[in-house]
Each structure stands twice: as structure tokens, then as C-alpha cells.
Amino acid sequence: MISEALMNQIQQRLPASPVWSAQQSLSSTIGIPIGVSNRHVHLSQTDIEALFGKGYQLKPLKELRQPGQFAAHECVNVVGPKGLISKVRVLGPARPETQLEISKADCYALGIKAPVRESGDLYQSADALLVGTFGHVSLQSKVICAQRHIHMSPFDAELLGVVHGQKVRVNAGEQCGLVFEQVVVRVDERYALEFHIDTDEANAAGIRSGESVYLTD
Ligand SMILES: [Zn+2]
């Protein structure tokens, strides 16, 4: 049963000229902003100091859409058995555990096999070497290809009719007619509504940050 308050909120989010009919499911009419994640690394404070110097604090460069998260001024070089990727952006703030997130194309360039995982699921993931301006850190089982996911608040989840952990299908635009399967829903009070994919996935679909996608059946 949809409450009146929820219905009001829903109406505010619908397009100015309603294009949906009663037959269409409401959730497929709600635009979800795309956030394309370029390769990046989250660092523990211990690793920040190993890479940039004792007592070092990350310097915020740009706020991200997710509240409290920022792209830092700092970058690292990533080294694998087959190659090097320079200027990989550090995202802040510091986290309890370091995690490097790269695309499949990056895996080939580095010569490593990072598994597709949800953030934080690092068991038997890949290795790489991070090089900073002060020192280096050898990452053991801390490299993944992030599984595509949607961040959302509990309110958004109610609106879209989904729950935390659910896997949904996302229609990623008409140009390539590409539907992403196995998209994980991640619900938290702190999250802003955003569909996160990596650069390989975005390029395959011909979509960019700031555009919108829709859930599909
Ligand atoms: Zn994300």
C-alpha cells in the first residue's frame, strides 16, 4: 500500500509531462543517475603514510556524489607483472582497509586477474604494487573489479520496489540496447541514488556520468 506522502514524493520525481501509464511499472520510470568509476584506490591510514609520509592526510580535490566521499589530490602508480598504470586516483576519506578497484582492461595492462566482487569482499582477490611519492605498498589480495551496483537510500529503495542485496536489471540506453544484469542494490541512509559502473562497462554501453538509466523487468 503506497501512502499519500510517498505518492507525493513519487509525483515530484516524475517527468514534467507524464510519459508513463498505469500499465507501465512505476520503477521503470525513475531515472537513476549514472556514475562511471574510473580506476581508483581506497587507502587505510597506515598505507597513506607508507605511500606519502608519516602523519600524511589526504587532501580533498572534489566531492563525490556519495555524501562524505571525495576524490583526493593524491594519485599512485600501480605496478603489475606486465605493466604500470600511472596516476590512479586516491578516493577519501581513509578506510579501515585498502582496496584497489580497476577494470578488466586494466587487469590485462597490469597482467593480473582481479575477480568481479562487491566492495569489501577481498578474499582471494588480486595483488599489485602501489607506488606513492614517499614509498610503496605491496597489496596482497586487495584488488578487485567492482561489481556493478546501485547506491540508494531506504526511501529510494521503497520507491523503486527493491531491497538491499537484490540483483536487478538495468536498461542502459537505446544507443547500444544494452541491459546490465546482476546489478547489486546497496541500500544505506547515507547513500545518494547512483548507478556505479566502470569505464569498460560505460564504454560498451555508450553511456556517461550524469546520464540516467532505468530498472527493467
Ligand atoms: Zn559505488
For E194 and Q66, test the side chains for any donor-to-acceptor distance below 3.5 angstrom and give the result as yes or no.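 E194 vs Q66: donor-acceptor pair found between side chains.
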Evaluate V162 against L215 for side chain to side chain contact (heavy atoms under 4.5 Å, CB included), listing each step before the verdict. CA-CA 10 Å; V162 297; L215 295 186; 4.1 Å; yes
With clusters defined by side-chain heavy atoms of hydrophobic residues (ILVMFWY) lying less than 4.5 Å apart, directly or transitively, does [Y] cluster with [X]?
X    : Y    : answer
V131 : L110 : no
F52  : L61  : no
V90  : Y56  : yes
F70  : L43  : yes
I144 : V137 : no

Check: [Y] and [X] side chains under 4.5 Å, non-hydrogen atoms:
X    : Y    : value
F195 : F180 : yes
D127 : V143 : no
V78  : L130 : yes
P93  : Q69  : yes
C107 : I102 : yes
L129 : S138 : yes

Is the backbone of [Y] close enough, under 3.5 Å, to the side chain of [X] for a donor and an acceptor to pair up by distance?
X    : Y    : answer
E189 : P154 : no
E118 : H149 : no
T216 : R169 : no
R148 : E181 : yes
R89  : H73  : yes
Q99  : G120 : yes
E158 : F155 : no

Quick check for you: to the nearest 0.5 Å, what is the distance between [X] atom [atom1] and [Y] atom [atom2]?
X    : Y    : atom1 : atom2 : answer
N203 : R208 : CG    : CZ    : 11.0 Å
L139 : D47  : CG    : CG    : 7.0 Å
M152 : I32  : CE    : CD1   : 5.5 Å
C145 : I112 : SG    : CD1   : 8.0 Å
Q147 : R186 : CD    : CZ    : 10.0 Å
S153 : L160 : OG    : CG    : 9.0 Å

Heavy-atom closest pair, residues [X] and [Y]:
X    : Y    : answer
K167 : V184 : CE-CG2, 3.8 Å
S209 : V36  : OG-N, 2.9 Å
L51  : H136 : CD2-CA, 4.0 Å
L58  : L91  : CD1-O, 4.2 Å
A126 : P115 : N-CD, 4.0 Å
Y123 : S141 : C-OG, 3.9 Å

Start with the C-alpha gap between V41 and T98, add the side-chain angles, then the distance that decides, and say whether side chain to side chain contact (heavy atoms under 4.5 Å, CB included) holds. CA-CA 7 Å; V41 65; T98 292; 4.2 Å; yes
Before giving the answer on salt bridge (charged side-chain N to carboxylate O under 4.0 Å, His left out), spell out for D106 and R39 the whole-Å C-alpha distance, their side-chain angles and the decisive distance to 0.1 Å. CA-CA 8 Å; D106 295 335; R39 62 182 77 95; 2.9 Å; yes
Given side chain to side chain contact (heavy atoms under 4.5 Å, CB included), test L193 with I150 step by step and report yes or no. CA-CA 7 Å; L193 184 62; I150 309 173; 4.1 Å; yes
Please step through side chain to side chain donor-acceptor pair (under 3.5 Å) for the pair S103 and D200, ending with a clear verdict. CA-CA 6 Å; S103 72; D200 287 5; 3.3 Å; yes
Stepwise side chain to side chain contact (heavy atoms under 4.5 Å, CB included) test for S119 and H196: CA-CA 11 Å; S119 183; H196 275 177; over 6 Å; no
Test applied, side-chain hydrogen bond (donor to acceptor under 3.5 Å, both in side chains); reference residue, H42; option that passes from E101, E97, K142: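 It is E101; the other options fail the test.
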